Amino acid sequence: MTKEDNILKKFYEFAIDHVSVGIHAIDRNGYTILYNNKMKEIEGYKIEDISDRSILDIFTFNQSESTLLRVLQTGQKVLNVKQTYWNKDGHEITTINDTFPIIENNEIKGAIEFARDITSLEKLIYQPLRRYGEPLNFEMFSVASEQMKNVINNAKKAAKARIPVLLIGESGTGKHLVAESIHNELNPINDEFVTLFSRRNPQATLDKLQNYLKTEKSYTLFFDRIEYLSLPIQQKLIDILNKLPAGKHLIIGSIGDDPIDLISNGKLLKDLYYYFASLTITIPPLRARKDDIQPFVTDYFSRLRERFASNIEGISDEVMQYFLQYDWPGNLKELELLLDEITSMMMNEKIVTLEMLPLHFRFKVQQANEHIRNPDFFIVQPNQELLPLEDYMREAENYYIQNVLNIFEGNITKTAQALGMSRQNLQYRLRKLKKDS
């Protein structure tokens with residue numbers, strides 16, 4: 001190695017170990033060959049802890065859920081994927097990942113992943129009004145979409161009926177905001193709103209519940225993500241809930257996925273679901289209700305001006321187009337975090353313009369848009385290079401399958417069901433497409 005190469009190597013090593021993004025690279029067998037300081041911070045491992053084991057032996061996710069292993073299988077990069085798993089200490093961590101195959105001479109040598117840690121954001125319950133010390137109620141919702149208007153109407157009915165409610169929605173969609181607003185809509189209102197976090201110590205959650213129930217107070221009890229409780233703990237919970245005095249307490253639960261899927265996968269007890277089944281409210285992800293982005297942004301800056309004498313009036317049309325093009329895997333939490341990041345860097349500017357957007361956000365939007373093709377992509381156009389029919393059909397099949405895979409975040413089972421084929425058939429086609437490419 002020359003002197004110049006040695007200096008350059010030191011610069012590379014410094015950059016890798018000081019960048020704010022986690023970097024994890026594996027070889028074709030799933031063994032780690034690169035693991036930077038930020039990734040150690042996120043996952044709690046040292047390179048010597050994991051270098052001699054495949055990542056499937058370390059983290060509690062299956063092969064279809066690992067973006068690194070998915071890229072190894074398909075040879076296709078995946079961008080902007082949210083992944084939740086458990087680290088060395090048993091703590092749940094959430095990252096948004098961009099993962100790329102490493103290819104040499106048309107052969108996959110490994111994969112590398114760049115992970116942005118949003119664990120702290122995921123653990124922050126979405127309640128932006130809490131910072132202003134205001135009680136949460138439905139009048140404070142900034143929504144324009146019919147989906148969210150229906151959510152609010154159904155939630156108000158739940159408050160009037162005072163019956164158990166199950167909120168269904170991805171992390172960051174605002175389940176806690178809806179739950180506390182239901183509490184404040186009660187007439188008469190219960191004495192206290194209590195959140196019990198299921199992803200923490202499950203037995204401690206039950207113990208805390210029992211302590212609350214020993215008092216004379218009436219509670220609105222919100223069980224956040226009940227599917228994280230083990231089935232035996234869920235059984236104990238339903239036994240407790242069934243013995244509660246009628247009408248004294250309001251019980252609200254939340255889950256992050258379709259309840260039927262959770263039951264079939266052994267993550268949700270059927271009896272616990274039936275307890276809430278009289279009223280379930282699905283809160284759609286932000287990507288399915290982008291009409292709500294504009295009012296949320298407007299309300300964000302309005303409160304900023306009111307509370308902190310900010311000069312910021314809003315965002316440019318170009319920035320709004322970026323917001324509308326992005327899929328927001330972290331939902332409203334991610335949007336609020338981005339606005340916090342933008343405004344923290346502004347001085348006297350009144351309008352957020354494109355160049356004020358963080359580079360990581362602009363890059364994600366641009367990368368996603370590069371691969372969005374219109375339906376006429378496969379229509380023969382004048383002066384377009386013609387392909388042999390077999391090559392054309394292979395291109396069309398690959399394009400369609402990859403887009404359906406992206407819709408279901410790489411879940412092989414759901415993708416196969418959507419395509420009307422068996423899981424084995426889909427895996428065979430993926431291997432064949434990878435081999436032919």
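Heavy atoms only: backbone and side chains are in, while hydrogens, waters and symmetry mates are out. In this text, all values refer to a predicted model and were calculated from it rather than measured experimentally.
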Is the side chain of [X] donor-acceptor paired with the backbone N or O of [Y] at a distance under 3.5 Å, no angle test?
X	Y	result
N36	I23	yes
T415	N411	yes
D261	S264	no
N184	L136	yes

Might you confirm whether atom [atom1] of [X] has over 12 heavy atoms from other residues, nucleotides or ligands at distances under 6.0 Å?
X	atom1	value
K149	NZ	yes
K157	NZ	no
K290	NZ	yes
K350	NZ	no

Legend entry - ring pair (Phe, Tyr, Trp, His ring centres under 6.0 Å) between F361 and F323, intermediate numbers included: CA-CA 10 Å; F361 179 75; F323 284 6; 5.8 Å; yes
Rounded to the nearest 0.5 Å, what's the gap from [atom1] on [X] to [atom2] on [Y]? Could you check?
X	Y	atom1	atom2	result
E185	L250	CD	CG	12.0 Å
I103	K77	CD1	NZ	10.5 Å
L196	I251	CG	CD1	9.0 Å
R287	L324	CZ	CG	15.5 Å

Inset, instruction - For T413, check side-chain hydrogen bond (donor to acceptor under 3.5 Å, both in side chains) against everything at least two apart and list the hits. - result: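 Only R423 meet the side-chain hydrogen bond (donor to acceptor under 3.5 Å, both in side chains) criterion with T413.
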Legend entry - side-chain hydrogen bond (donor to acceptor under 3.5 Å, both in side chains) against T220, all qualifying residues, sequence neighbours excluded: H183, N190
Inset, instruction - Determine, using ring centers only, whether F141 and F138 are less than 6.0 Å apart. - result: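 Between F138 and F141, the centre distance is under 6.0 Å.
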Does any non-hydrogen side-chain atom of [Y] lie less than 4.5 Å from one of [X]?
X	Y	result
L279	P164	no
D224	H176	no
Q147	D292	no

Inset, instruction - Start with the C-alpha gap between W328 and Y322, add the side-chain angles, then the distance that decides, and say whether ring pair (Phe, Tyr, Trp, His ring centres under 6.0 Å) holds. - result: CA-CA 11 Å; W328 302 103; Y322 261 60; over 10 Å; no
Inset, instruction - Indicate the atoms forming the closest heavy-atom contact of A111 with V71, along with that distance. - result: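 Closest heavy-atom pair between A111 and V71: CB-CG1, 4.0 Å.
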Inset, instruction - Locate the shortest heavy-atom distance separating T195 from F193; write the atom from each residue and the value. - result: OG1-CE2, 3.3 Å
Legend entry - Residue pair R225, D257: steps toward the salt bridge (charged side-chain N to carboxylate O under 4.0 Å, His left out) verdict: CA-CA 10 Å; R225 300 300 292 271; D257 206 345; over 6 Å; no
Inset, instruction - Taking only Lys NZ, Arg NE, NH1 and NH2, and the carboxylate oxygens of Asp or Glu, determine whether R28 and E107 approach each other closer than 4.0 Å. - result: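 Salt bridge: yes.
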Inset, instruction - Tell me, with the steps shown, if E306 and R303 meet salt bridge (charged side-chain N to carboxylate O under 4.0 Å, His left out). - result: CA-CA 5 Å; E306 178 184 348; R303 292 186 177 277; 5.0 Å; no
